[in-house]
Q: 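Sending over a structure as structure tokens; questions will come in a sec.
Just follow the structure's listing: the first ligand is 1, and inside any ligand the first atom is 1.
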Amino acid sequence: TNTDPESAADPGALRTPIVAVLGHVDHGKTTLLDRIRGSAVQEGEAGAITQHIGATAVPLETISEMAGALVDPTDFDLPGLLFIDTPGHHSFSTLRSRGGALADIAVLVVDVNDGFQPQTEEAISILKRTGTPFVVAANKIDTTPGWNPQEGEPIQKSLEKQSERATSRLNENLYELIGDLSSAGFSADFYWRVQDFQSNIGVVPVSAMTMEGIPDLLTVLMGLSQRYMKEEMSIDVSGPGVGTVLEVKDERGFGATLDVVLYDGVVREGDTIVVGGRDDPIVTEVRALLQPRPNAEIRTEKRFERVDEVRAAAGVKIAAPDLDEAMSGAPVRVVRGDDVDAVKEEVRKELAKIEVD
Ligand code: GDP
């Protein structure tokens with residue numbers, strides 16, 4: 001029997017869903033991500049939240065601490081949520097996995113006062129085309145005239161503290177948003193009225209500034225992943241790693257490195273990998289797997305720490321020789337057991353598919 005838990009195959013294991021944040025410029029994508037990162041760090045046990053390369057992992061325990069009564073952690077068996085740190089539909093549409101969207105689910109951020117704007121429409125059409133399930137974060141509710149902010153509270157609790165006038169001003173905006181979504185071909189409603197999140201879009205009123213409604217947003221994202229995506233999340237965590245290159249970056253002491261979002265399997269130091277390159281796929285060997293150092297250790301010279309292996313879903317920096325010609329958006333695959341040429345062919349095909357789209 002295999003007594004090493006790290007390498008024990010666990011075919012039923014669920015991976016972390018990958019979440020992307022989209023929306024019109026200035027509607028609050030960056031603030032939302034920053035605040036989720038920040039408060040999760042505050043609330044979580046030391047080290048509970050992990051900063052990945054290009055992504056932030058919020059574990060289930062931290063989500064349930066943030067969500068308070070809304071989330072009973074025993075209702076979920078997903079490990080948490082992995083937020084891609086680069087918001088916007090440009091990164092969303094260039095980051096593919098097997099020709100589909102890299103993200104499993106998305107948050108469409110809409111300024112509740114501003115409503116649908118050109119980039120909101122663009123984001124909607126990309127989400128439609130890729131068939132990505134999403135929820136709408138109706139952001140900046142705290143700017144409603146007469147709003148009485150309730151830092152970090154679930155939306156119902158906050159609404160109890162609002163005047164009738166503020167509530168009805170907010171509702172006007174929210175109904176307009178629901179109308180815009182319906183014009184775009186989506187039946188949408190306040191999330192607490194939605195029974196079936198597959199055929200209806202849930203609208204979650206939030207403030208990235210005061211964090212009101214954020215417990216709700218996290219809960220809806222967990223519920224959406226858990227209910228409808230379990231099959232896709234169920235992976236053989238010991239399988240060969242598969243990912244997408246976010247960026248190719250020069251790092252002192254390492255040369256060209258890959259910032260990768262791993263969406264399947266595991267990658268280990270020493271693994272042979274195949275990466276999409278400008279000409280032919282590159283075959284190379286993993287020298288080091290790097291993660292950002294936790295904040296507390298930021299004073300040390302080195303910005304990264306080495307890890308032996310990384311499991312999906314995760315963001316990681318891969319240092320390896322010969323990466324100069326690697327391309328962002330390209331697939332990365334670990335070769336384990338398979339024939340290198342077969343994996344190269346697969347990477348070639350995936351690249352062709354991405355370039356055609
Ligand atoms: P992005 O372009 O979508 O990433 O938008 P940002 O996160 O940069 O936000 C644009 C502006 O809106 C910034 O000045 C933010 O401080 C502000 N902002 C974002 N979310 C909120 C919110 O919930 N309430 C208020 N009052 N301001 C917000």
Q: Do me a favour and list the nearest non-hydrogen protein atom to atom 20 (N) of ligand 1 with residue, atom name and distance?
A: N139 ND2, 3.2 Å

Q: Quick one: does A208 get an N or O within less than 3.5 Å of an N or O on ligand 1?
A: yes

Q: Please tell me if atom 14 (O) of ligand 1 is touched by the protein, where touching means a protein heavy-atom distance below 4.0 Å.
A: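 Protein heavy atoms within 4.0 Å of atom 14 (O) of ligand 1 - there are none.
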
Q: Working note: R303 + E251, criterion salt bridge (Lys or Arg N to Asp or Glu O under 4.0 Å); need CA distance, chi angles, decisive distance, verdict.
A: CA-CA 10 Å; R303 286 158 57 213; E251 296 293 350; 3.4 Å; yes

Q: Under 6.0 Å from the CD atom of E345, do we count more than 12 heavy atoms belonging to anything else shown?
A: yes

Q: Who's the nearest protein heavy-atom neighbour of atom 19 (C) of ligand 1, and how far?
A: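 It is T31 OG1, 3.5 Å.
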
Q: For atom 10 (C) of ligand 1, what's the nearest protein heavy-atom neighbour? Residue, atom name and distance, please.
A: D26 O, 3.4 Å

Q: Below the 3.5 angstrom mark, is there an N/O of P87, backbone or side chain, next to an N/O of ligand 1?
A: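 It does not: no N or O of P87 is found under 3.5 Å from an N or O of ligand 1.
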
Q: Would you give the length of the straight line joining atom CE of M209 to atom CZ of R35, rounded to the nearest 0.5 angstrom?
A: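 Nearest 0.5 Å value for the CE-CZ distance: 8.5 Å.
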
Q: Do any N or O atoms from the side chain of D77 and from the backbone of L14 form a donor-acceptor pair under 3.5 angstrom?
A: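 Not confirmed, D77 side chain does not pair with L14 backbone.
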
Q: So for atom CG, which belongs to D196, do other residues, nucleotides or ligands contribute more than 12 heavy atoms lying within a distance under 6.0 Å?
A: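 Correct, the count exceeds 12.
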
Q: Between R15 (side chain only) and Y263 (backbone N and O only), is there a donor and an acceptor less than 3.5 Å apart?
A: yes

Q: Can you find a protein heavy atom under 4.0 Å from atom 28 (C) of ligand 1?
A: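 Protein heavy atoms within 4.0 Å of atom 28 (C) of ligand 1 - there is at least one.
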
Q: May I ask you to check whether T143 has an N/O atom sitting below 3.5 Å from an N/O atom of ligand 1?
A: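 No, there is no polar N/O contact under 3.5 Å.
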
Q: Do we see a donor-acceptor contact under 3.5 Å between the side chains of D85 and T56?
A: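 D85 vs T56: donor-acceptor pair found between side chains.
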
Q: Could you find the nearest protein heavy atom to atom 16 (O) of ligand 1 and give me its residue, atom name and distance?
A: M209 CE, 3.6 Å

Q: Taking 4.0 angstrom as the limit and counting only heavy atoms of H24, give me the atoms of ligand 1 inside it, by number and element.
A: 3 (O)

Q: Any donor-acceptor pair under 3.5 Å linking the side-chain atoms of H24 with those of D111?
A: no

Q: Give me the nearest non-hydrogen protein atom to atom 17 (C) of ligand 1 as residue plus atom name, then the distance to 0.1 Å.
A: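 Answer for atom 17 (C) of ligand 1: K140 NZ, 4.0 Å.
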
Q: If we set the cut-off at 4.0 Å for heavy atoms, which region of T30 has an atom near ligand 1: side chain, backbone, both, or neither?
A: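 For T30, the contact with ligand 1 is made by both the backbone and the side chain.
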
Q: Between H27 and ligand 1, which residue portion shows a heavy-atom distance shorter than 4.0 Å: side chain, backbone, both, or neither?
A: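 Within the 4.0 Å criterion, H27 contacts ligand 1 through backbone atoms alone.
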
Q: Compare every heavy atom of L170 with every heavy atom of L159, then report the nearest pair and how far apart it is.
A: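 Smallest heavy-atom distance, with atoms named: CD2-CD2, 4.1 Å.
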
Q: Counting both backbone and side chain atoms, is some N or O of G28 under 3.5 Å from an N or O of ligand 1?
A: yes

Q: Counting heavy atoms only, which part of D142 comes closer than 4.0 Å to ligand 1: side chain, backbone, both or neither?
A: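 Side chain only.
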
Q: Tell me if the CZ atom of R287 is crowded by more than 12 foreign heavy atoms within 6.0 Å.
A: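 12 or below, so no.
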
